[in-house]
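Only one structure is covered here, and it is reproduced in the block below.
Chain letters run A, B, ... following the sequence lines, proteins first, then strands; residues in each count from 1.
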Amino acid sequence: MAEPAIKVRNLYKIFGRRDREMVEKVKEGVSKSELLADHSHVLGLRDINIDMPEASIQVVMGLSGSGKSTLIRHLNRLIEPSAGEVIVHGEDVLQMSEKALREFRRHKISMVFQRFALLPHKTVIDNVAYGLHVMGKSKAEQKTGAMRWIERVGLAGYEDNYPAQLSGGMQQRVGLARALATDADILLMDEAFSALDPLIRTDMQSVLLDLQKELAKTIVFITHDLDEALRLGDKIAILRDGEIVQQGTAQEIVLDPADEYISSFVREVNRGRVIQAETIMDTPPPPGPPAENSIRVEKGTVLEEVARRMTEQDRDQAHVVNGSGEPIGTLTMRSVMAGMATPVLKDAIE
Amino acid sequence: MAEPAIKVRNLYKIFGRRDREMVEKVKEGVSKSELLADHSHVLGLRDINIDMPEASIQVVMGLSGSGKSTLIRHLNRLIEPSAGEVIVHGEDVLQMSEKALREFRRHKISMVFQRFALLPHKTVIDNVAYGLHVMGKSKAEQKTGAMRWIERVGLAGYEDNYPAQLSGGMQQRVGLARALATDADILLMDEAFSALDPLIRTDMQSVLLDLQKELAKTIVFITHDLDEALRLGDKIAILRDGEIVQQGTAQEIVLDPADEYISSFVREVNRGRVIQAETIMDTPPPPGPPAENSIRVEKGTVLEEVARRMTEQDRDQAHVVNGSGEPIGTLTMRSVMAGMATPVLKDAIE
Amino acid sequence: MSRTIDQEYRAFSRAWGDAIENFFRPLLDFLLWFENLLIQTPWWIVLAVVVAIVWFASRSVKITIGTFIALILIGVFGMWEDTMRTLSIITVCTLLSIVIGMPIGIAMSRSNKLQAAINPILDVMQTMPSFVYLIPIVMLLGIGLIPGLLVVVIYAMPPIIRLTNLGIRLVDKEVLEAANAFGSSGWQKLVEVQLPLSLPTIMAGINQTIMMALAMVVVASLIGVRGLGQPVLQAITNQYFTQGVLNGLAIVAIAIIFDRTSQAYGKRLQRHREASHG
Amino acid sequence: MSRTIDQEYRAFSRAWGDAIENFFRPLLDFLLWFENLLIQTPWWIVLAVVVAIVWFASRSVKITIGTFIALILIGVFGMWEDTMRTLSIITVCTLLSIVIGMPIGIAMSRSNKLQAAINPILDVMQTMPSFVYLIPIVMLLGIGLIPGLLVVVIYAMPPIIRLTNLGIRLVDKEVLEAANAFGSSGWQKLVEVQLPLSLPTIMAGINQTIMMALAMVVVASLIGVRGLGQPVLQAITNQYFTQGVLNGLAIVAIAIIFDRTSQAYGKRLQRHREASHG
Amino acid sequence: QDSCNVTISNMNWASAEVMAAIDKIVLEEGYGCTASLVPGDTMPTFASMTEKEEPDVAPEMWVNQFREQIDKAVDEGKVSYGSEVLSDGGEEGFWIPQYMADEHPEIKTVEDAFSHPELFPSKEDPSKGAFYNCPAGWGCQITSANLFKAFKAGDKGFVLVDTGSAAGLDGSIANAYEKKEPWFGYYWAPTAILGKYPMKKLDFGVPHDDAEWQKCTTVADCADPKKNAWTKSEVFTIVTPKIEKMSNGVKDYLTKRAWANDTVNKLLAWKEDNQATGEDTAYHFLENNEDIWSKWVTPEAAEKIKEAL
Ligand SMILES: Nc1ncnc2c1ncn2[C@@H]1O[C@H](COP(=O)(O)OP(=O)(O)OP(=O)(O)O)[C@@H](O)[C@H]1O
Ligand SMILES: Nc1ncnc2c1ncn2[C@@H]1O[C@H](COP(=O)(O)OP(=O)(O)OP(=O)(O)O)[C@@H](O)[C@H]1O
Ligand SMILES: [Mg+2]
Ligand SMILES: [Mg+2]
C-alpha cells in the first residue's frame, strides 16, 4: 500500500504549564487520574501512533474525554503537542513555517468543529464562504461555491440568517458546509453529525462516502454512533484515556474486541448491518452446485440484507459467492439469526 | 388517566419583529418556507397541541430545525410564544408573575441545554451546584448535592476544572448534572446525550429511567437517536416544520408510520430491539399445548431477544404467553427474521 | 437674557447655598479627617499601610515593590505631604465614582430607555469644560475639598458607568438563558453571572475612572484643593519644568499604583480566563 | 540639577525647534486649509455637508435632525465660526487618535510584553497634567494649532488604544481557532474576525476618545487654538455664566454629534447582535 | 503696507481682551496690517514669544507675576517692553467686600482685619479666620504669604487659604458676596469682578519699602518678612523683536498706547452690563473715546480708523 496520508508518531499531549516535564512522568507510567490528582495536569494523549491511509475514512471513537478532539486538533496543528510527530503527506506539520502552515490549512486540510465554532457576525453564506474567502477566491466564486454547499446541506433560504437564528443542527450543517466548501484533500470531522436527525444524517453520510470515493478525500471522522462508524469507517481506532486501545476494520472490532472495554463499547451495535455473510458462513461449501432452495449472496453482503432476502424469497439457506461467482460457503437461517442477535444483549438493556 | 403534567394548546411561535401579525398569516396556511422567503420571519412552531402525562418520558423528535428546542423552551417560558397556552401541573406558565415563574423554575422544572450553556467562570462543582445555590441551599448542601451528581456522571476529579478545560462530552455531562442536582419534578432535556459515547450514554439512560420510575419524574427528552427514543420514550412526538406530524408509542410509530416522512425517519431503527413478539405473532395460537420444540417467551419480549434464545436453544419455533402464562400466539424463526429485517433496507444503505 | 439667567443662578445660590453646604458638611469633615490622618501619621506607618493594602489586593510582588519604591522617591523629593493630600481626595473620589457609577451602569444595562436618557448626561459630564461649572460650583459651595470632589467625580464617573453598561450588555445570551432557566433572581443573575462575566470590561472602566480622577488633580487645585496640583501650577508660571515634571510624575505614580492594584485584584477574580489557554 | 535640566531643554528646543516645526508643517498647512474651508464656505453649505455626512454614516433620522437643529442653534447664538474652528481641529484630532491608536491597540493585543511596555506610557499620557508639558511643547513649537493638536491627541488616544486591546483580547477563543483552522493570515483574522467581534468594545473606545478630545478644547485654547475654548475661558473671568454654558453646550453638541454618528455607524456594522433577540 | 502681519495674544481676562481687540482694529484699519488674535494663557504665550517669537504682541502682561523671567528675556533680546498699558498700574492688595466695610467701619487697615479672625471664619475650621491667598504660582502668592507672615496673621488665628487659580479666587468672592458672607483676601484691579462686586482695599498702614520688597517680601521662604505695601503693579505690553524692527508706526503705537484705570473700569462696567464681547467693547470704546485713542496713533491712521467706524 502507498504511504499513509497521515502518520502520527509517539504523540503526547498534556494540558498544563509544565507539560514537557509531565511527559516524562507519563512515560514512567503515571496514569491519567494520578496525573490529575497529584500534579493538576490533564493527560490529553499518550503515545499515539497511527497511520491513516490515503483516500479512506478513518473513524476515531472512544469514551467522552478520551482525547479524540485533542488528537484531531493536532493534525492541523491547532494544538502544539507536548512531544511527538505528525506527518501529513510526507511533511512534518510541526516543522512547518507559519506561512507553510497557513497554506496547508487553506488548501489541504479543513475541519468541522465539535462545537461548530461559527463566526457569529457573519451570515450563513459568509460563514460557508469563509474558507474560500481566505484563499483569496473572487466574490463570485465564493458565492457559487458557498451556495452549492448550502443547498447540499439543506439550508437554502437561510443564507442571510445569522448563526444565532439557526437551530443547533442547522448550525452544525453550516459548519459542515464551511469545511466542505474549501475542497481540501483532508477533512477533519469532530462529531460532525452529532446534532443531526437520522434523515439528514444519512444524507450527509452519503455525501461523505461520495466525496471519499469520487474525489479520493482522506477523512478523519470522530463519532459516538457505532452504526455510523461502521458504515463510514474503513478503519476505526478506539481511544481510552488518551491511548489507542484498538485499531482495525469495523468487522475486526465488532467480532474481536481487544478487551472488555471495547466489547462493551460495541455491544450496542446493530450487528445485522455490520457482519458480513462470509464472516459467519460455514466453509468450505459442500461440493457440487448449491442446493435448489438456497439463495445466492455476494461476499460482503451484511447479514440483515441476507435475512431480508431469505424472508422475501421464503428460503432458509444461502450460499455465499466470491467476486467471480464461485461459492465459498453457506449460511442457514439459524446462523444468520445467531449472527444478528447480540450475544450479551440481556444485560445491555436494563 | 390523571391530568397530564404538561398540556400545550394551540402554541404558535414565529421569530421576527411582527410575530403576532404573522400568526394570522400562518393560520391562513402560509408555509414555513413562504414565510421565510416572503416575510423574512421564521416559523418556529405552528399550532402545537400535546399532552405529556405525569411521571412519564415524552420524547420529541424531528428534523433538524423543526422546532424541538423552541418547543421545549416554551415549557419553562424561556421563550414567549406568539400565541397559545402552556399549562404545567394545572397552572398556565404564561400567566405566572415574575416571582411565581422564578419559584417554578427553581423547584419544579430544570433543563439541559443543547449547547450546554455552562457558566464559563465557574468551576465544574459550582456549575453543578448553581441550581441549589439559586434555591438558597447552604454551602454544605450545595457541595454534597453537587458532588453526588458529579460522581454519578463520571466527572469526579474534575470538580475544580473550568468548563473550557473539559471535552465536549464532559461539558455536556456537567450540564446534565446541573439539571439533575436540583431535583425538580420536570426535566427538560434538549439532546442531552448527543455528545456522549455509547457507554456513558447507556449509563445515563438508565439514570433517567431510574429517576422516572423511582421518583416519578416527568421528562421531556429531545433526541435524534431512534434507538434511544425507543428505549426511553413512553410517548414519542415527531415534529416537522414546526408541526406535530405524529404522536404515539414507539411501537405505533415504527410499525405504523403516519406518512412517508416518518417511515423514512424510522427506517434506520434496529427493529429487533423495538418490535415485541406479540406484534408479529400468529394468532390465535393453535389449540392444545404448545409444540415440544417451541420455546416460551413472555409478552413484551423484543424480537432480538427471541432470536437470541431461539439460536441458543437451537429451536425454530416460539410461543408467546401473556402475564398469566397462557399462550396467546406463535412465532417461527422466519417470522422473527422478517420482523427484524428492515423492509426498505436496500435503498437506505448507499 | 443671559443676564437674567446669571441673575437667577445667583439668586438660587444665595437661597440654597447654605443648605447645600450643610448637606455636604459630613463629607467635608470626613475628607478633612482622612487628609489629616494621612498627613499626621508618621510617614513610615502610612507607607507600611499602603504597601500592605497593595499587597493584599494585588498579591503581586512586583506591584508591591514598585509602590514601595515610588513612595520612597516621593518622600525623597519632598512631595510627601502633597502626595498624601492628593491620595486622600483621589481615593475618596475614585471610590465614590465606582460606588455610584456601577449601579447606574447596571441600571442602564437593563433598560434601553434609561440608557438613552443617561447617555447625553454622561456626554455633558465628560465634555462640558469643567471651567464652565467651576465658578458656579464655587459660588454655591465655596472653594475647597467639596467642590473639588464634585468636579473630579463628575468627570471621573462616566467611564465606569459606560463600561459597566457595555460589559453587562455583552454577556453571552446563552449563559444568561441558563441562569434564567434555574430561576435566578435579578440580583443572583447580576452577582453570579453578569458582573463576573463582564469583569474585564468593568475593570477597563475602573482603569479609566482612575485615570480621569488623576487627570483632574490640577483642575481641582484650581479651586483650592491642596495637593500635587498646586506645585504643578506654580511650576508653569515660574517655568520650573523639573518641578512640574516631578509633581506630575507623583500624580502618575498614584495613578499607576491605584490602577495596577485594582487590575491585579480584578485579574484574581477571573481565574477561568487563564484556564482556557491550551 | 533642576536648573540644568531646564537649561538643556531650552538649548534642545532652540536647536531642534525649527526642524520639528518643519516636520509638522504639512500637517499645519492641512489644518489651516481645513479650518479655512469650514469657515469660508457659506454656512448653509457646511450645514448641508455635515448633515449629509451624519446621515450617511448613521442612517438615523433622529440623529440627523438633532444635528441639524444643534447647528442651527449654534448659528443663532453666534457661535458658528468658533464652532467651525473647534470642529476642524477636533475632527482631525479624533481621526488621528483613532488611526494611530487602533494599530497600537491591535499590536498590544498580540503581545503581552508590548502590553506591559505600553501600559505605563498610556498611564502617563492620561494622568500627567497637560499643564506640565504645555510650556515645553510651546517652547518647541510655538503656540497654535500643532501644539494644540499634540496636546489633544496625547490625551485622547489612550482610551482607543486600551479598549481596542481589551476588545481583541476578549474575542472568543473558539471562533479564533476556527479562523486559524482555515489558514487565515494574521491580517485576515484581524479584519474578518477580531475587529468585527470586538467592535462594541472598540466603539466604546472611540466614544471615550471623542469625549477626551472635546474635553481638551479648553486646554488647547490655552496654547493658541482658536475655537470654543476661548469664549469659555473669557466667560469665566468675566463671570458670564450663560456665555460659558452656551459655548460649553456647543462643545457638548459637537461631542454628541460625533459620538452618535460614529456609534450608529458602528451599530450598523453589528447587525448580527440584533438578530439573536428572540 | 506690504508686510505688516501681526499676531496679537488674546488673553482671557476682560481688560486684556478689550485691548487686544482694539489693537486688532487699529492695526488693521489704521495701519493696513493683517492682524490676528491668538488665544493663550499668560505663560504659554510668554514661552512662545521668547522661544518662537510668536505671537508678536501681548497687550497686557502683569509683569510682577514673573518679573525675573521677563527681565531675562528682555536682556537676551527675545522680547521687549512696549507701552505701560495700564498707566496707573494695577492695584494689588488685600480687600474686603464693601458690605463688610460698611458693617464694620472699624476695619480700615490690614492690621484691623487680621485682628478679627472671628469675623472671617474659615469653612474648614470655623474657629480660625480665613485669608484667601493669591492664585497658585503667581508672584503675588509669595508676596501675600510673606505679608501674611509679617502681620503675624497665623498667630492671630488666621489660616492661609489656597485658592488655586483666578477662577477659584473669583469664585470664592462671588460665593461670599451672594450670601453676604465675610471675605478677606488678595485681589487686584482693574477687573470685571470689582465692577460686579464692589470691594474695599485695606490700607497696609506702612508705605512701600522697595529695598525690603526686593530683598524679602517677594522672596519665597524669606525668614523674617516685614510689613510692607504694594506699590502700583506694572502692566506692560510685551512685543517681539519683529515689532521692534517695524518702521511703519506700528511700533510707535504699541509703545505709546495706554489707558487709565478710570477709563478701563468704566469700559469694563459697560461690557459687564451688556455681557459684550471684547470686540463689541473695543468698538464701543473707539466710537466714544476718540479723544483718548486719537493720541495713540498717527493722524492719518486716526482718519482711517474713524472712517472705518
Ligand atoms: N432566535 C431565533 N431567531 C430566529 N429564528 C430562530 C431562532 N431560534 C430558532 N429559530 C428558527 O426556528 C426554527 C426551529 O429551531 P429549533 O432550534 O427549535 O430547531 P430544533 O428542532 O431544535 O433543531 P435541531 O435539532 O437542529 O436542534 C429553525 O428554523 C430556526 O432557524
Ligand atoms: N484546554 C484544555 N485544558 C485542559 N484540559 C483539556 C483542555 N482541552 C481538553 N482537555 C482535557 O483533555 C482530555 C481530552 O479531551 P478531548 O476534548 O480530546 O476529549 P474527546 O475525546 O474529544 O471527548 P468528547 O467525546 O467528550 O468530545 C479531557 O480530559 C479534557 O479534560
Ligand atoms: Mg471532543
Ligand atoms: Mg435544537
Residues that Asp210(A) engages under side chain to side chain contact (heavy atoms under 4.5 Å, CB included), provided they are two or more places apart: Glu214(A)
Under a 4.5 Å heavy-atom cut-off, does chain A meet the side chain of Leu63(B), its backbone, both or neither? both
Give the C-alpha distance, both sets of side-chain angles, the deciding distance and a yes or no for side-chain contact (heavy atoms from CB on, under 4.5 Å) between Val42(A) and Asn161(B). CA-CA 10 Å; Val42(A) 178; Asn161(B) 284 49; 4.1 Å; yes
Chain B heavy atoms under 4.5 Å from Asp314(A): which part of the residue, side chain, backbone, both or neither? both
Please name the pair of heavy atoms, one in Gly65(A) and one in Met170(B), separated by the smallest distance, quoted to 0.1 Å. CA-SD, 3.7 Å
Shortest non-hydrogen pair, Thr311(B) vs Arg334(A), comes out as CG2-O, 3.6 Å
Select, from Gly169(A), Ser40(A), Gly154(A), the one with the greatest count of heavy-atom pairs under 4.5 Å involving chain B. Gly169(A)
Which donor-acceptor pairs under 3.5 Å do side chains of residues 222-229 of chain A form with protein atoms, sequence neighbours excluded?
{"unit_1": "Thr223(A)", "atom_1": "OG1", "unit_2": "Asp225(A)", "atom_2": "N", "d": "2.9"}
{"unit_1": "Thr223(A)", "atom_1": "OG1", "unit_2": "Glu228(A)", "atom_2": "OE1", "d": "2.7"}
{"unit_1": "His224(A)", "atom_1": "NE2", "unit_2": "Glu191(A)", "atom_2": "OE2", "d": "3.0"}
{"unit_1": "His224(A)", "atom_1": "NE2", "unit_2": "Ala195(B)", "atom_2": "O", "d": "3.1"}
{"unit_1": "Asp225(A)", "atom_1": "OD1", "unit_2": "Asp227(A)", "atom_2": "N", "d": "2.9"}
{"unit_1": "Asp225(A)", "atom_1": "OD1", "unit_2": "Glu228(A)", "atom_2": "N", "d": "3.2"}
{"unit_1": "Asp227(A)", "atom_1": "OD1", "unit_2": "Asn270(A)", "atom_2": "N", "d": "3.3"}
{"unit_1": "Glu228(A)", "atom_1": "OE1", "unit_2": "Arg201(A)", "atom_2": "NH2", "d": "3.2"}
{"unit_1": "Glu228(A)", "atom_1": "OE2", "unit_2": "Arg201(A)", "atom_2": "NE", "d": "2.8"}
{"unit_1": "Glu228(A)", "atom_1": "OE2", "unit_2": "Gln205(A)", "atom_2": "NE2", "d": "2.6"}

Given heavy-atom pairs under 4.5 angstrom as the criterion, report whether the side chain, backbone, both or neither of Gln172(B) touches chain A. neither
Gln171(A), Met310(A), Arg115(A): which one forms the most heavy-atom pairs within less than 4.5 Å of chain B? Arg115(A)
What is the distance from atom OG of Ser167(A) to atom CG of Asp190(B), rounded to the nearest 0.5 Å? 9.5 Å
Under a 4.5 Å heavy-atom cutoff, which of Leu166(A), Val306(A), Leu196(A) has the most pairs with chain B? Leu196(A)
Heavy atoms only, distances under 4.5 angstrom: which of Phe116(A), Phe265(A), Tyr261(A) has the most pairs with chain B? Name it, please. Phe265(A)
Output the option from Ser33(A), Ser264(A), Ser194(A), Gly62(A) having the highest count of non-hydrogen pairs under 4.5 Å with chain B. Ser264(A)
Max heavy-atom pairs within cutoff under 4.5 Å with chain A, candidates Ala307(B), Ser335(B), Ala156(B), Gly67(B), goes to Ala307(B)
